[in-house]
Amino acid sequence: MDNIKRTVVVTGFEPFGEHTVNASWVAVQELKKLGLGKDIDLHVYEVPVEYQAVQSLVPSLWNQYDPQLVVHVGVSGMATTVTLEKCGRNHGYKGLDNSRFCPHSQCCIEGGPDCIDSVIDMESVCKRVTASGLGVAVSVSKDAGRYLCDFTYYTSLYLSRGRSAFVHVPPIGRPYSEVDLGRALQAIVQEMLDLLDQAEGKIHCRHVH
């Protein structure tokens with residue numbers, strides 16, 4: 001088991017609106033340079049800021065890679081910390097995307113639950129990264145904003161039964177550099193994998209053959 005490479009997919013978004021450079025994709029590219037260690041196969045993708053593109057891309061990532069974890073990263077113009085989102089929400093999508101489209105139903109998955117929580121304990125991730133002395137402030141949120149970030153997160157949580165995560169980053173230089181954000185993502189994803197490993201270890205202990 002230990003010598004099998006595990007797969008992690010991390011996504012950022014293309015530019016939209018005032019974000020002519022999207023800090024999320026810049027940060028994800030920095031993470032790709034840093035890597036997650038030799039036993040993790042890291043794949044990164046730039047996601048279009050379009051509802052219909054998300055509806056086809058997110059399932060294809062899960063089907064193609066069967067990853068242990070998918071982490072979506074988005075930019076928030078209001079954020080001053082790196083923010084871990086606890087849940088995704090199904091309803092309330094009224095904002096037009098980059099192709100001037102909005103779902104007629106204003107929801108992600110018709111008939112899906114109103115809210116899906118990540119199986120990852122974001123409070124624990126936040127505490128552990130903060131304690132590591134990284135020099136980047138990390139916080140936790142319960143509202144990913146009802147735009148493409150939230151839409152992507154909910155879709156991924158629904159498909160993965162909660163094995164997804166979402167991280168909001170502030171714009172570059174407000175206050176962190178792209179290198180800072182890349183290092184923060186590296187620390188966050190490593191802690192998430194560690195928590196997933198611990199959870200699976202407990203499950204395996206209960207099912208010893």
How close do [X] and [Y] get, heavy atom to heavy atom, and via which atoms?
X    : Y    : result
S160 : S164 : OG-OG, 2.8 Å
R163 : Q68  : NH2-O, 2.9 Å
D121 : L195 : O-CD1, 3.9 Å
P171 : H19  : CG-CE1, 4.2 Å
F13  : L148 : CZ-O, 3.7 Å
G35  : Q186 : O-NE2, 2.9 Å

[atom1]/[X] to [atom2]/[Y] distance, rounded to the nearest 0.5 angstrom?
X    : Y    : atom1 : atom2 : answer
L69  : I40  : CG    : CD1   : 9.0 Å
Q55  : E50  : CD    : CD    : 11.5 Å
N90  : Y154 : CG    : OH    : 3.5 Å
E46  : S24  : CD    : OG    : 8.0 Å
E14  : N22  : CD    : CG    : 8.5 Å
M192 : L84  : CE    : CG    : 5.0 Å

| request: Go through V28 and T11 one step at a time and tell me if the side-chain contact (heavy atoms from CB on, under 4.5 Å) criterion holds. | output: CA-CA 7 Å; V28 169; T11 72; over 6 Å; no
Looking at [X] and [Y], would you say the former's side chain and the latter's main chain have a donor-acceptor pair under 3.5 Å?
X    : Y    : answer
R161 : V119 : no
T130 : C126 : yes
Y176 : V82  : no

Validation row: [X], [Y] side chains within 4.5 angstrom (heavy atoms):
X    : Y    : answer
H168 : S141 : no
W62  : V9   : no
C149 : H72  : no
Y153 : S118 : yes
V8   : P67  : no
D143 : D150 : yes
L42  : L31  : yes
V129 : L134 : yes

| request: Measure up the F16 and Y147 rings against each other and bin them: parallel (under 30°), tilted (30 to 60°), perpendicular (over 60°). | output: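 Plane angle between 30° and 60°, so tilted.
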| query | In terms of the angle between their ring planes, are Y51 and Y93 parallel, tilted or perpendicular, with boundaries placed at 30° and 60°? | reply |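 Y51 vs Y93 ring planes: perpendicular.
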| Could you go step by step and tell me if D114 and H91 meet the side-chain contact (heavy atoms from CB on, under 4.5 Å) rule? | CA-CA 7 Å; D114 190 48; H91 302 282; 2.9 Å; yes
| When you check the side-chain N and O atoms of S177 and D180, is any donor under 3.5 Å from an acceptor? |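 Judged by distance alone, the side chains do pair up.
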| field | Ion pair E30/R183, N-O distance below 4.0 Å | value |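 Looking at R183 together with E30, the answer is no, because their closest N to O distance does not fall below 4.0 Å.
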Cluster check [X], [Y]: I/L/V/M/F/W/Y, side chain < 4.5 angstrom:
X    : Y    : value
L57  : F101 : yes
L196 : Y65  : yes
V167 : V21  : yes

| task | Apply side-chain contact (heavy atoms from CB on, under 4.5 Å) to M122 and E85, showing your working. | result | CA-CA 7 Å; M122 297 301 174; E85 299 292 348; over 6 Å; no
| query | Taking R6 as the fixed residue, which of D194, D66, D41, D197 is the one that meets the salt bridge (charged side-chain N to carboxylate O under 4.0 Å, His left out) rule? | reply |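 So the option named by the test is D197.
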